[in-house]
Amino acid sequence: MTILISTSPEQTRQIGYYLGQLLDAGDVICLDGDLGAGKTTFSAGVGEGWGTEHPLTSPTFVIVQQYDRALDRQVLYHLDAYRLDAEGDAESVGLLDIFDANGAVLIEWPEKIRSWLPDDHLWIHFTIDDNDDSRRMLTLQAAGNRSLMLLDALKAKFGD
Ligand code: ADP
Ligand code: MG
């Protein structure tokens, strides 16, 4: 487990940007934490670093948003599982297809689909600092070799 501190939205975005540059097809990144904790800010940075053709926005009104990259025809999925109440819903939005589709996957509200997650995923929990509006704590946990590699890279770059 690794903890990174962000003191501004821009810094959260930069951490996301760096991760985005490292992402490969098949990587799964789970982002959880309260509303306003910074998950979408982070995701926007990931999209930028990964190189989406269109800026990544909050997917709240669609459950899955697909982003493309012309360069190598890779795909990035941004999933918001917030409104998936029963895990059965996961089937109806084609979750398994997404995990099989050979793209990178970013998931907000991943706890809603916990049992569907591939074994190897990086989990990032965002915590708001009650005493400082612009401070966030990012707690990173890796659940496999690939996610551990990503975690180590983030730690080397942004850890103290
Ligand atoms: P979520 O997707 O988790 O609901 P958002 O990224 O949409 O959160 O919103 C985070 C809000 O918190 C934004 O209004 C952002 O400007 C603000 N904020 C303040 N400090 C930070 C920080 N260090 N990192 C990320 N967001 C921050
Ligand atoms: Mg959000």
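Both counts, for ligands and for their atoms, begin at 1 and track the order of listing.
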Checklist entry - Do Arg136 and Thr127 pass the side-chain contact (heavy atoms from CB on, under 4.5 Å) test, and can you show the C-alpha distance, the side-chain angles, and the key distance before you say yes or no? => result CA-CA 6 Å; Arg136 301 290 187 270; Thr127 312; over 6 Å; no
Checklist entry - Where is the nearest protein heavy atom to atom 15 (C) of ligand 1: which residue, which atom, and how far? => result Pro9 CG, 4.0 Å
Checklist entry - Closest non-hydrogen protein atom to atom 4 (O) of ligand 1, residue and atom name please, with distance? => result Gly36 N, 2.7 Å
Checklist entry - Under the side-chain contact (heavy atoms from CB on, under 4.5 Å) criterion, do Met1 and Thr139 qualify, and how do the steps go? => result CA-CA 7 Å; Met1 199 181 84; Thr139 306; 3.7 Å; yes
Item to check | Which residue and heavy atom of the protein sit nearest atom 25 (C) of ligand 1, plus the separation | outcome: Thr12 OG1, 3.4 Å
Checklist entry - For ligand 1, does Gln11 get within less than 4.0 Å through its side chain, its backbone, both, or neither, judged by non-hydrogen atoms? => result neither
Checklist entry - Same cluster for Leu117 and Leu79 if Ile/Leu/Val/Met/Phe/Trp/Tyr side chains link at under 4.5 Å? => result yes
Checklist entry - Leu140 and Leu138: which non-hydrogen atoms are nearest, and at how many Å? => result CD1-O, 3.5 Å
Item to check | Nitrogen or oxygen of Thr7 less than 3.5 angstrom from that of ligand 1 | outcome: no
Next on the checklist: Does any part of the side chain of Phe99, heavy atoms only, come nearer than 4.5 Å to the side chain of His121, both counted from C-beta?
Outcome noted: no
Next on the checklist: Out of all atoms in ligand 1, which are within 4.0 Å of some heavy atom of Glu108? Include the element for each.
Outcome noted: 2 (O)
Checklist entry - Using the ring of each side chain (for Trp, its six-membered ring), is Phe42 parallel, tilted or perpendicular to Phe126, with breaks at 30° and 60°? => result perpendicular
Item to check | Single-linkage hydrophobic cluster, 4.5 Å side-chain cutoff, Leu148 and Ile29 together | outcome: no
Checklist entry - At what distance is the nearest protein heavy atom to atom 18 (N) of ligand 1, and which residue and atom is it? => result Arg136 NH2, 3.3 Å
Next on the checklist: Counting backbone and side-chain atoms alike, is an N, O or S atom of Ser43 positioned under 2.8 Å from the Mg ion (ligand 2)?
Outcome noted: no
Checklist entry - In the protein, what heavy atom is nearest to atom 8 (O) of ligand 1, and what distance, to one decimal place, separates them? => result Gly38 N, 3.1 Å
Item to check | Those atoms of ligand 1 less than 4.0 Å from some heavy atom in Asp133 | outcome: 19 (C), 20 (N)
Item to check | Proximity to ligand 1 by part of Ser43, non-hydrogen separation under 4.0 Å | outcome: neither
Checklist entry - Under a 4.5 Å cut-off applied to non-hydrogen side-chain atoms, are Leu150 and Leu23 in contact? => result yes
Checklist entry - Lys39 heavy atoms, cut-off 4.0 Å: which ligand 1 atoms fall inside? => result 1 (P), 2 (O), 3 (O), 4 (O), 6 (O), 8 (O)
Checklist entry - So, is Glu108 placed with an N/O/S atom under 2.8 Å from the Mg ion (ligand 2), counting both backbone and side chain? => result yes
Checklist entry - With no hydrogens and no angle check, is any side-chain donor or acceptor of Lys155 less than 3.5 Å from a backbone partner on Leu4? => result no
Next on the checklist: Run Thr40 and Glu108 through side-chain contact (heavy atoms from CB on, under 4.5 Å) and show every step you take.
Outcome noted: CA-CA 8 Å; Thr40 298; Glu108 298 193 38; 3.0 Å; yes
Checklist entry - For atom 7 (O) of ligand 1, which protein heavy atom lies nearest, and how many Å away is it? => result Thr40 CB, 3.6 Å
Item to check | Closest protein heavy atom to atom 23 (N) of ligand 1, given as residue, atom name and distance to 0.1 Å | outcome: Ser134 O, 2.9 Å
Checklist entry - Under a single-linkage definition using a 4.5 Å side-chain heavy-atom cutoff for Ile, Leu, Val, Met, Phe, Trp and Tyr, are Tyr17 and Leu31 assigned to the same hydrophobic cluster? => result no
Checklist entry - What residue and atom, counting heavy atoms only, is the protein's closest point to atom 6 (O) of ligand 1, and at what distance? => result Thr41 OG1, 2.6 Å
Item to check | Contact atoms of ligand 1, heavy-atom distance to Asp34 under 4.0 Å | outcome: 3 (O)
Checklist entry - Under 30°, 30 to 60°, or over 60°: which ring-plane class applies to Tyr82 and Trp109, parallel, tilted or perpendicular? => result tilted
Checklist entry - Mind checking whether Ser6 has an N or O less than 3.5 Å away from an N or O of ligand 1? => result yes
Next on the checklist: Between ligand 1 and Gly33, can you find any atom pair, the residue atom being a heavy atom, that is separated by under 4.0 Å?
Outcome noted: no
Next on the checklist: Within the 4.0 Å heavy-atom shell around Leu35, which atoms of ligand 1 are there?
Outcome noted: 4 (O)
